[in-house]
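Only one structure is covered here, and it is reproduced in the block below.
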Amino acid sequence: MMKTRTQKLDQKPTEPKTVKTVEKRNRFEMVVVNVLCLFVFLAFGYIALMAFFQTSVIDSTKYASEVILYTADIVPLNLLLTVLFVVFLFAMRRFYDFFARVNLRAMEVGMSLLVVFAGLLWVLTVRSVPAADSYNLYEAASGAAKGDYTSMQNGANFYNNAFYNGYSYFHFYPFQLGFVAFCELIYRIFGTESSMSIQILNVLAVGAAYFALARITRLLFKRKSAEFIAILLLLGCLQPVLFCTFVYGNIIGMSFAVWASLLLIKYFQTGRYRWAIGSGLLLVMATLIKYNNLIYLVAFVIMLVIHIVREKKWQSAVAAVAMIVAVLGSNALVIMHYEGRSGIQFAEGVSQTLYLDMGLNESYMAPGWYGVIAKDTYINYYLTPKFSGNPNASIDNANEKAKRDIDKRMNVFYDDFEYGTEFFSKKIQAQDRYPHFRTDGRTA
């Protein structure tokens with residue numbers, strides 16, 4: 001006898017076709033997971049706690065400098081809204097039968113389409129134009145699309161050349177050539193007159209990322225109710241949509257990285273190699289477009305190592321090594337590609353040691369934010385000697401100077417604990433700033 005419509009609706013939702021969740025963990029996995037969870041709790045817990053008391057905003061009178069102001073919040077109102085939000089989440093759990101009847105695939109698609117519609121409306125209304133690093137990348141990519149590499153040369157009349165003492169922007173940040181390559185391809189297809197094509201791709205990337213996040217929730221929790229709530233929360237997350245005016249690799253790179261995470265989870269839950277291969281390919285795209293996504297590579301390798309120890313899946317070792325080689329090698333290949341086309345030998349770029357030095361110093365923006373110390377050290381101790389023909393020119397000289405500065409700053413923090421606490425407190429809080437939009441159409 002055929003089941004009635006009511007009986008079909010009352011059925012428990014079908015779980016994704018994956019292997020059974022492993023309940024028992026070995027000691028190695030437990031230690032790694034607990035350490036990572038502790039780190040995440042300390043980092044994001046502090047931001048969440050301080051969000052009750054204040055908000056970081058850009059000084060509206062100093063958009064160009066992006067000076068951060070710390071404004072006080074209404075604590076009782078924040079507490080009230082938080083309590084109401086928690087009550088709402090718990091109340092939603094009571095309606096599991098309703099969630100079981102919801103067509104979540106339709107909700108996933110509907111959510112993505114709604115986000116794309118809102119994003120397109122936003123970018124087409126604001127008509128933002130690139131500025132700062134964003135314009136350097138637009139200038140290089142649009143020029144390369146026409147076979148013009150002038151903006152990559154020392155002494156050329158490229159955007160903001162005085163700030164870099166006339167040295168090519170890509171001597172400082174050669175890793176940005178990955179995003180240049182991506183943009184060049186887009187500009188060859190849609191034209192070089194405007195960066196709007198990248199902004200529209202940002203919108204599509206946000207919609208795709210939201211869809212992937214909903215699917216990740218379904219795979220991890222294996223419950224329709226959890227995914228339903230995740231979709232509701234994503235619909236209330238407007239910041240990425242507003243960020244789509246920024247012609248940079250953040251949004252598109254993030255989308256590739258989220259999809260890479262989704263495929264890696266599918267690999268862990270099904271054991272099928274094709275998901276690991278797809279995850280690696282998407283991770284390569286994510287890091288090429290935004291090099292900061294190397295943090296995903298670190299996370300993926302950690303998860304693959306845990307998988308090797310727990311499941312004795314040695315193909316995971318192959319996957320980890322392949323991801324490392326592919327991600328790091330692809331970036332080097334793109335740089336070599338542009339060196340061959342332009343005839344320019346790019347310098348090593350500002351090192352992580354120089355960035356650490358910058359992050360430990362005061363800035364006109366906020367403590368530990370962008371400052372000229374890394375740029376000036378890089379120029380004075382490496383670029384200038386290098387292009388002056390000094391045979392002893394080496395990035396190591398700049399790194400040694402940065403290490404001396406780091407030692408001095410650490411001594412300052414050690415000697416004045418109160419100052420050090422305030423410095424890092426403001427540095428962390430400033431990361432969670434509220435974006436403002438300039439009246440001239442540029443995103444700050």
Side-chain angles (χ1 to χ4, degrees), residues 40 43-44 47-48 51 55-58 66 68 85 107-134 137-138 178-179 182-183 186 195-218 220 227-263 265 282-283 285-296 299 429-438 441-444:
V40 171
F44 291 95
I47 294 176
T55 299
S56 302
V57 299
I58 295 179
E66 297 188 41
I68 301 299
F85 177 71
M107 286 198 65
E108 292 168 352
V109 174
M111 170 192 64
S112 298
L113 292 177
L114 183 60
V115 167
V116 168
F117 174 77
L120 290 175
L121 182 64
W122 172 248
V123 299
L124 293 174
T125 301
V126 173
R127 295 284 178 177
S128 177
V129 296
D133 294 66
S134 177
L137 301 182
Y138 166 71
F179 186 60
F182 177 81
C183 290
I186 301 303
S195 65
M196 182 56 68
S197 55
I198 300 298
Q199 296 183 45
I200 292 175
L201 282 179
N202 279 341
V203 172
L204 298 177
V206 171
Y210 278 24
F211 182 92
L213 288 170
R215 297 303 298 169
I216 287 173
T217 303
R218 179 77 177 277
L220 294 182
E227 185 184 5
F228 182 85
I229 293 175
I231 290 173
L232 294 180
L233 296 177
L234 285 169
L235 285 172
C237 188
L238 298 177
Q239 293 88 340
V241 176
L242 299 178
F243 202 50
C244 287
T245 55
F246 191 33
V247 185
Y248 216 52
N250 301 60
I251 294 291
I252 300 173
M254 175 271 296
S255 186
F256 275 109
V258 171
W259 273 91
S261 302
L262 172 61
L263 297 194
I265 292 170
L282 291 174
L283 184 61
M285 289 299 301
T287 51
L288 279 177
I289 292 172
K290 184 61 178 175
Y291 202 58
N292 291 27
N293 286 323
L294 278 177
I295 191 65
Y296 282 89
Q429 293 171 49
Q431 308 303 313
D432 192 29
R433 67 187 171 99
Y434 182 80
H436 283 262
F437 299 91
R438 301 161 57 125
R442 296 181 179 182
T443 306

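Start at 1 with the first residue, then count along the sequence. As the structure is a computational prediction, the values presented were derived from the model and not from experiment. All values below were derived from every heavy atom in this structure, side-chain atoms included, with hydrogens, water molecules and symmetry-related copies excluded.
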- Query: Atom CD1 in I295, atom NZ in K290: separation rounded to 0.5 Å?
  - Reply: 13.5 Å
- Message: Tell me the closest heavy-atom pair linking V203 and L120, and the distance in Å.
- Response: CG1-N, 3.7 Å
- Do I58 and I68 come within less than 4.5 Å of each other through their side chains, counting heavy atoms only? yes
- Message: Assess the residue pair L233 and F85 against the criterion (side-chain contact (heavy atoms from CB on, under 4.5 Å)); give the C-alpha distance rounded to whole Å, side-chain angles, the decisive distance to 0.1 Å, and a yes or no.
- Response: CA-CA 11 Å; L233 296 177; F85 177 71; 3.4 Å; yes
- Residue pair F211 / S112: nearest heavy atoms and the distance that separates them: CB-OG, 3.3 Å
- Item | F182 side chain near L137 side chain, heavy-atom distance below 4.5 Å | no
- Message: So which atom in M196 and which in V123 form the shortest heavy-atom distance, rounded to 0.1 Å?
- Response: CE-O, 3.7 Å
Distance-only check: which donor-acceptor pairs under 3.5 Å involve side-chain atoms of residues 249-258, not counting sequence neighbours?
{"residue": "S255", "atom": "OG", "partner": "A205", "partner atom": "O", "Å": "3.0"}

- Query: What pairs with Y248 under side chain to side chain donor-acceptor pair (under 3.5 Å), at least two apart in sequence or on another chain?
  - Reply: Q176
- Message: How close do L283 and A260 get, counting heavy atoms only, and between which atoms?
- Response: N-CB, 3.9 Å
- Message: Donor-acceptor check, side chain of T287 to backbone of L294, threshold 3.5 angstrom: yes or no?
- Response: no
- Task: Would you give the length of the straight line joining atom CD1 of I216 to atom CD of E227, rounded to the nearest 0.5 angstrom?
- Result: 11.0 Å
- Does some side-chain heavy atom of Y291 sit less than 4.5 Å from a side-chain heavy atom of F179? no
- Shortest non-hydrogen contact from A208 toward W259: O-NE1, 2.9 Å
- Got F243 and N202 here, is their nearest side-chain heavy-atom distance under 4.5 Å? no
- Note on the structure: Between N293 and A286, the two heavy atoms sitting closest are ND2-O, 3.0 Å
- Quick check: does any side chain N or O of Y210 sit under 3.5 Å from a backbone N or O of C237, one acting as donor and the other as acceptor? yes
